[in-house]
Amino acid sequence: MAETAQKETLGFQTEVKKLLKLMIHSLYSNKEIFLRELVSNAADASDKLRFKALSDNSLYEGDGELRVRLSVDKDAGTLTISDNGIGMNRDQVIENLGTIAKSGTSEFFEKLSGDEAKDSQLIGQFGVGFYSAFIVADKVTVRSRAAGDDASNGVQWESHGEGEFDVEQIEKAERGTDIILHLREDESEFLNDWQLKTVVSKYSDHISIPVEMWTAPTEETEDADGNKVAGEPGKWESVNKATALWNRDKSDISDDEYKEFYKHISHDFADPLLWSHNKVEGKTEYTSLLYIPAKAPFDMWNRDQSHGLKLFVQRVFIMDDAEQFMPTYLRFVKGLLDSNDLPLNVSREILQDNKITQAMRQGCTKRVLSMLDKLASKDAEKYQSFWNEFGGVLKEGPAEDFSNKEKIGKLLRFASTNGDSSIQNVSLDDYIGRMKEGQEKIYYVTADSYEAAKNSPHLEIFRKKGIEVLLMSDRIDEWLMSHLTEYSEKQFQSIARGALDLGDLEDEESKKAQEAAEKEVEGVLERVKTALGDKVTDVKFTHRLTDSPACIVAEEHGMTTQMAKLMEAAGQPVPEVKYLFELNPEHKLVKLLSDMQDEEQFGQWAEVLFDQAALSEKGSLKDPASFVQKLNTLLMDLVK
């Protein structure tokens, strides 16, 4: 009988309560995945012990045969999953089993709809691990002891999966963790050995740790010829292959095995979108197995969240989330690396700046970009689904990875004036293929939203001449374009920045008409400049407009309104930025302004036109009340 002490009742983190309630209902149709999750966790615990024992062999406590065991007690109605891995102490049990330490939790719950089918997919993206036990159990008991601790320092955790859990100290002779599931009455199928073996074979065959089940002893019998057949003693037997999947030949691995292995390392419920299994030989020898998920995780936009690949050295697990092997803009990639060249006692310091590490990182990056390029060329629809999930993260690439800028550029997708949809499905190669004769640049405009970009006054001359413009409305687009200055030897040109030069796309007849229009309102530029004073850097005529009277434009190398907003949102100080004010000499309002003799009224009109242009470009004004007041005054003057 185990001695107990220091019993304590604690409450679940609020998010855990919500998740448990939701999961029990939403995942019930696929309830057998609980076994995959618990066996996977047990295998991870064994991997972690194997790594720690490299520097402290005493952690094995004389038992170096790592395994996971499943056992049933039909009378008690329990299924137990045991491992002799790293184990947990009291604090680790409370931390790991009482909270969900994952960013994006609140956003996760906001997205839940109440539709069980849809919510089931979302839960899969979130990852539930241990809590899946409550899909089939109305009570779960966890008994654990950390490797190297005294037998008296065992800990027992117990809960009905509702609001609370109990924690108490126990005596536990063996290191590792036992998870005892007190199954619901209608879940007796998981007390059946054959059913358990089927589930393990389906979900956990690839795990390199043996998953064992007890085979009962057999008595001595006679065969058909009357010969005696000796009985067999009872024994624990492995029910999975227990070989590292990535070390097997690709031709021997089925797609289903690859998919299940992905779910094991990612704790995702959905199948991956695609994967690549590769053995590299030469100066650096390693095996990589890289997966692209089908859905984005909830913490994807947190660049500081741990990400990376599982690292193995000579098939020994070294660490989770080895970020040194995958750039941040590819943080959605899951998978593993197994190196023959790194030392077994590898540390994070060694990984920081190491030629082997750099070679492996470059190799993995090129492999992922190549996978995506192949997908884009072979299956546009499937690639579009990838882009809808991860495109925003991939846009971080050109700023982070200069050497692969052209390859990343080929993978980018944008909305454009070629269609009438906000879907980002236009590649830069598509755009270049449709460029007008004489067009030298790739034109784009950035804005807060697709609607704002689509209706930007800067587009007017481009629509008139039938020149395609990329419409960029993601927050990161301004940052992207400050680093992606050219693609396929074509320069990018923001249509809201600097002087607009359409080069060979401008005909002589148009130029003569423009010169005549400017002459007709001669003198208006100086008067407007005087009226606006230091609100602008300069006032010029423009022919980029056809329907609007004026616009504001950033200097060629100045800060655009979108970049200012980006810095502001990031909490960075934004200097006071002044813009060029451009007037359309062919517009009736500008002609009216030119003929106006009352300088006070002229000044009010100039300010209203400037505020209108700023509102169209920025989406907001610093002093909207003043703008409304000036506009109302002018309207009153018009109706007198």
Side-chain angles (χ1 to χ4, degrees), residues 8-45 68 70-73 76-83 88 92-102 105 108-109 112 114-144 155-168 177-192 195-196 199-200 203-204 263-264 267-269 298:
E8 190 177 1
T9 299
L10 301 168
F12 277 118
Q13 186 187 27
T14 307
E15 288 85 347
V16 176
K17 282 192 254 182
K18 288 183 187 176
L19 185 62
L20 285 171
K21 184 178 178 183
L22 181 75
M23 187 177 55
I24 290 165
H25 294 98
S26 296
L27 295 181
Y28 216 69
S29 60
N30 190 26
K31 55 192 176 184
E32 64 189 26
I33 55 90
F34 83 89
L35 194 56
R36 179 191 77 198
E37 293 293 299
L38 298 181
V39 169
S40 180
N41 288 348
D44 285 346
V68 179
L70 307 184
S71 52
V72 298
D73 183 334
T78 61
L79 166 63
T80 302
I81 298 97
S82 300
D83 69 70
M88 294 179 281
Q92 288 168 333
V93 164
I94 293 171
E95 180 185 351
N96 292 335
L97 306 187
T99 62
I100 299 175
K102 192 158 187 171
T105 310
F108 164 72
F109 286 111
L112 296 173
D115 181 322
E116 289 183 10
K118 290 179 182 174
D119 289 349
S120 174
Q121 293 177 349
L122 286 173
I123 293 167
Q125 283 172 258
F126 189 74
V128 292
F130 167 76
Y131 299 111
S132 61
F134 288 100
I135 298 171
V136 295
D138 53 20
K139 185 171 84 169
V140 176
T141 304
V142 178
R143 297 163 57 83
S144 190
V155 60
Q156 178 170 296
W157 179 100
E158 195 164 73
S159 177
H160 290 274
E162 292 165 357
E164 299 173 335
F165 57 89
D166 295 328
V167 181
E168 56 189 307
T177 302
D178 304 333
I179 299 177
I180 304 158
L181 307 184
H182 303 262
L183 299 174
R184 302 176 199 279
E185 286 186 10
D186 55 349
E187 303 299 347
S188 58
E189 64 182 287
F190 296 110
L191 296 174
N192 181 294
Q195 172 71 357
L196 292 175
V199 175
V200 169
Y203 291 119
S204 307
K263 291 170 185 175
H264 164 63
H267 295 287
D268 190 350
F269 282 23
F298 284 90

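Applying the ring pair (Phe, Tyr, Trp, His ring centres under 6.0 Å) criterion to Tyr203, with sequence neighbours excluded, gives no partner residue. Under the side chain to side chain donor-acceptor pair (under 3.5 Å) criterion, Thr9 pairs with Asp166, not counting sequence neighbours. Shown here are the side chain to side chain contact (heavy atoms under 4.5 Å, CB included) partners of Glu8, two or more places apart in sequence or in another chain: Leu10, Arg90. Every residue was checked against the side chain to side chain donor-acceptor pair (under 3.5 Å) condition with Asp44, not counting sequence neighbours, and none meets it. Evaluation of the side chain to side chain donor-acceptor pair (under 3.5 Å) rule for Thr141 yields Glu158, His182 as partners, not counting sequence neighbours. For Ser204, the side chain to side chain contact (heavy atoms under 4.5 Å, CB included) partners are Val39, Val200, Ile207, not counting sequence neighbours.
Atoms CG and OG, on Leu38 and Ser132 in that order, are 5.0 Å from each other to the nearest 0.5 Å. Going from atom CD1 of Ile81 over to atom OG of Ser40 covers 12.5 Å, rounded to the nearest 0.5 Å. Within the model, atoms CZ of Arg143 and CD of Glu168 stand 9.0 Å from one another, a figure rounded to the nearest 0.5 Å. A distance of 9.5 Å separates CG of Leu196 from CD of Glu189, quoted to the nearest 0.5 Å. Here the CG atom belonging to Leu183 is positioned 12.5 Å from the CD1 atom belonging to Ile135, to the nearest 0.5 angstrom. Interatomic distance, Lys263 NZ to Glu37 CD, rounded to the nearest 0.5 Å: 10.5 Å.
Taking the side chain as every heavy atom from C-beta outward, Val140 and Trp157 approach each other to under 4.5 Å. The shortest side-chain heavy-atom distance between Phe34 and Leu79 falls under the 4.5 Å cut-off.
In terms of heavy-atom proximity, Asn41 sits nearest to Phe130 at ND2-N, 3.6 Å. Residue Met88 comes nearest to Val93 through the heavy atom pair CB-CG2, 3.7 Å, listed as atom of the first residue, atom of the second, then distance. In this structure, Gln195 and Phe190 approach most closely via the heavy-atom pair NE2-CE2, 4.1 Å.
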Check against side chain to side chain contact (heavy atoms under 4.5 Å, CB included), Asp83 and Ile179
CA-CA 9 Å; Asp83 69 70; Ile179 299 177; over 6 Å; no
Criterion side chain to side chain contact (heavy atoms under 4.5 Å, CB included) on Lys31 and Arg184, from CA distance to verdict:
CA-CA 12 Å; Lys31 55 192 176 184; Arg184 302 176 199 279; over 6 Å; no
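A donor-acceptor pair is defined here as one N or O able to donate and one able to accept, closer than 3.5 Å; no such pair exists between the side chain of Thr78 and the backbone of Ile180. In this structure, Thr177 contributes its side chain and Ser144 its backbone to no donor-acceptor pair below 3.5 Å.
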